[in-house]
There are 2 protein chains.
Amino acid sequence: MSTTPQATPRRATITDVAREAGTGKTSISRYLNGEMSVLSPELRARIEAAIARLDYQPNQMARGLKRGRNRLIGMLLADLTNPYTVEVLQGVEAACHALGLMPLICHAANEVEMERRYLQLLTTYRVEGVIVNALGVREETLRPVGSGGIPVVLVDRMVDGLVTDMVGLDNRAAAELGARHLLDNGFDDIWFVVQPFEQVSSRQLREAAFREVMSGQGGKGHEGGTGGKREGGRAGSNRDGSEGGVRGHTLVLNLGDQAAVERALAELDHAIDASGNPTRTAGRIALFAANAPVALCLALHLKARYGADWQARVALLSIDDPEWAELTGVTAIRQPTYEIGYRAVEFLHERIEGVQTTARDCLLPGELIVRASTLR
Amino acid sequence: MSTTPQATPRRATITDVAREAGTGKTSISRYLNGEMSVLSPELRARIEAAIARLDYQPNQMARGLKRGRNRLIGMLLADLTNPYTVEVLQGVEAACHALGLMPLICHAANEVEMERRYLQLLTTYRVEGVIVNALGVREETLRPVGSGGIPVVLVDRMVDGLVTDMVGLDNRAAAELGARHLLDNGFDDIWFVVQPFEQVSSRQLREAAFREVMSGQGGKGHEGGTGGKREGGRAGSNRDGSEGGVRGHTLVLNLGDQAAVERALAELDHAIDASGNPTRTAGRIALFAANAPVALCLALHLKARYGADWQARVALLSIDDPEWAELTGVTAIRQPTYEIGYRAVEFLHERIEGVQTTARDCLLPGELIVRASTLR
DNA sequence: CTGTTAGCGCATTCAT
DNA sequence: ATGAATGCGCTAACAG
């Protein structure tokens, strides 16, 4: 060790500094809060020295207790396993850093109960606001924060009955973009594969938009304001659309249930096997994954079943652009994840500072990245 | 909205509860701290009711201020972009949850200056301990915490001059495992590709172990206790080993420097092009990536250069098992990331609770996952 | 068993 | 321009 170990290196307090500088605590406090104009240069110098000598660092907890704000915000994540989450997190981190906020990260790991507990814990730390990538849909879950008067901004999905700022992908436009791309490239049998979506607004919107395009009525419109809920199909169910003979299906893939996944994949296999000659583009099925986890699950399965050359048999397009998409040549719609995180913090910051406008929705556009997978 | 918006929903304090329950603050405090045996059932019931009625939640900040501990720990991450980091984070989250700790996540984003700032910020929040996946190697950087008497546990890499608990992969064993696997499968021209390693102990150890195996002296030993530092080769440099005519090279890939990456890759291309007939296994070059980011960089480049069938020309083995490894059939050595994170928190918790034993190293074994890439 | 008192480290009146 | 006093919400002696 290069430093002499000290006995009980109790951190210096404002009182210590005051004594060391031969002055009162008030002046130290003033110095800390940048009220320089009210301090004689002489005193100021002494304080500076004392602080340095004692390696003093003001206790944020105490400050927070006193002034009622501690610069802490909560960030509740549904699933760290999803690359999307991590990317958003980076934007959040950056924004926090820029705005002088400190994020408390909580990982609900897909368990609603955890989500509830963490929310409660966060209020206990008196965070000034919370960014939530919600798992549960019930406003009830958000009660601890929502009604507690502490600002909330939602990311990616909304929660019924809760009106707050939210920022995320323009799901409608993204799904349309993807569906159109597939249609334009001659695919006439398209499967939209998505996790159970009754509970998640973003999935709902994507599925609905896909279905609309497939049924030929796909307008170019943006998402509606608070986005009406829509009854989703049950697992394994699928509806057929029609745009000049093209077929569109929705396949639900419940990643949390191994058995269900296998059932759904079997259904898919059946369709693929029946899709006839792989060289006929018109006969090549296209899969439209609603997000990266789904896309990965599909890719892994297809590779296992059809070998390394699986893409010759099936085309894959994914919302989300995971790092392996480029590597495997899978077409993707990249979400502006970093910006989503950044904006979320900005919104929250404004609320914390007292902005009172009505709830805002910030819908950011996705970017289509065409790769070999969806080209003939 | 389903709830009636309240004016200034100022959170209830212990005083409010005391008044509501018609008792003193002390009893409330006792109740909060589970000292039930000292409370008459009657009073206890009244308190319970009052708390429920007021939706009271004790202020952690205030508690922390008083008792000197706030259950907060810091988690400093070098790079969230690395899947390794995220996986470790999950273990950390889980352990914290189990031990009643709250992690403050900080992302240094590969900037040493950020690392320093965050460390300082963390002490400001009076975290009880810190888990560090260090960027900088200087003990100096860790000064704010290391010498401040607050416990630190290192993850993945150590910091010279700083003796503390550390947990990570058994790098020596892992590198040996990988090198041996390649040797056993008949590869005789192996390139160990690694980011600049002068600064990072884990990379150093991996490279050194690789080199030893290639030079035929690779013992089966574990890493030495505090692991002696070793002078690393400069960018682009490579040494040749010899074990019955096999050649081992070390290639440095500085991912942070685009130009340097291109130079290094060019060198690699040259070697591959010169490696002769792709069908002769003995002539097929094997790449041993020191971690996932390197592996991804290599894979992307090779695919761009040699097409989708690049693996016919080059074998790839990676330490770290990113999600795309299975998909592309790349052999990997999986780190017990979750456990690393979990153990780190356990160590830290023990230190926080006052354990005084000398610094411990926890070296966890990697698991070789053989895939098509490294088989003939 | 229960309440009173005295701070934890700091920011803020209010005097000086 | 500076300092003394008060209290944020809570815990920990110390009495009753």
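In the text below, chain A, chain B and the rest are named by the order of the sequence lines, each starting its count at 1.
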key: B/N59 CG - C/dC10 P separation (whole Å)   = 16 Å
query = What is the distance from CD1 of A/I47 to C1' of D/dG3, rounded to the nearest Å?
reply = 12 Å
message = Between P on D/dA1 and CZ on A/R46, what's the gap in Å once rounded to a whole number?
response = 15 Å
note = In whole angstroms, the gap separating P of C/dG9 from CZ of A/R67 amounts to 17 Å
query = So, is B/Y56 close to the D/dC10 phosphate, meaning a side-chain N or O under 4.0 Å from OP1 or OP2?
reply = yes
message = Using modelled atom types and a 3.5 Å cut-off, is there a donor and acceptor pairing between side-chain atoms of A/E87 and backbone atoms of A/Y338?
response = no
query = Do the side-chain N or O atoms of A/S29 get closer than 4.0 angstrom to the phosphate oxygens (OP1, OP2) of C/dT12?
reply = no
key: B/G22 vs B/K25, nearer the 5' end of DNA chain C by closest nucleotide   = B/G22
query = Between A/T85 (side chain) and A/D79 (backbone), is there a donor-acceptor pair under 3.5 Å?
reply = yes
query = Quick check: does any side chain N or O of B/R46 sit under 3.5 Å from a backbone N or O of B/A21, one acting as donor and the other as acceptor?
reply = yes
ask   = Within the pair B/T15 and D/dG9, is there a side-chain N or O less than 4.0 Å away from OP1 or OP2?
value = no
ask   = So, is B/R63 close to the D/dT11 phosphate, meaning a side-chain N or O under 4.0 Å from OP1 or OP2?
value = yes
key: Between D/dC10 (P) and B/Y31 (OH): distance, integer Å   = 15 Å
ask   = Hey, is the side chain of B/T23 poking within less than 4.0 Å of OP1 or OP2 on C/dG3, counting only N and O atoms?
value = yes
message = Salt bridge check, A/R69 against A/E353: does any charged N sit closer than 4.0 Å to a carboxylate O?
response = yes
inquiry  = Any side-chain N or O of A/N33 below 4.0 angstrom from OP1/OP2 of C/dA11?
reply    = yes
inquiry  = Determine whether a donor-acceptor pair (one donor, one acceptor, N or O, separation below 3.5 Å) exists between the side chain of B/T26 and the base of D/dA12.
reply    = yes
query = With distance as the sole criterion, do the side chain of A/K66 and the base of D/dG7 form a donor-acceptor contact below 3.5 Å?
reply = yes
For atom CG of A/L43 and atom C1' of D/dG3, their distance in whole Å = 10 Å
message = Under 6.0 Å from the ring centre and within 45 degrees of the ring axis: does the NZ or CZ of B/R11 meet both conditions for the six-membered ring of B/Y56?
response = no
query = What's the closest nucleotide to the A/T13 side chain, out of D/dT11, C/dG3, C/dC10?
reply = C/dC10
query = So, is the end of the B/R360 side chain (NZ or CZ) under 6.0 Å from the ring centre of B/F347 and within 45° of the ring's axis?
reply = yes
remark   = note: A/M36, atom CE; D/dA1, atom P; distance rounded to Å ~ 14 Å
query = Between the base of D/dG9 and the side chain of B/R11, is there a donor-acceptor distance below 3.5 Å?
reply = no
request  = Measure the distance from CG on A/N70 to P on C/dG9 and round it to the nearest whole Å.
outcome  = 18 Å
inquiry  = I want to confirm an ordering. Mapping A/R30 and B/A62 to their closest nucleotides on DNA chain D, which one lands closer to the 5' end?
reply    = A/R30
query = Which part of the nucleic acid, if any, lies within contact of A/I28, taking any heavy atom under 4.0 Å across all strands shown: a base, the sugar-phosphate backbone alone, or nothing?
reply = nothing
remark   = Closest to the side chain of A/L32, out of D/dG3, C/dA11, C/dC1, is C/dA11
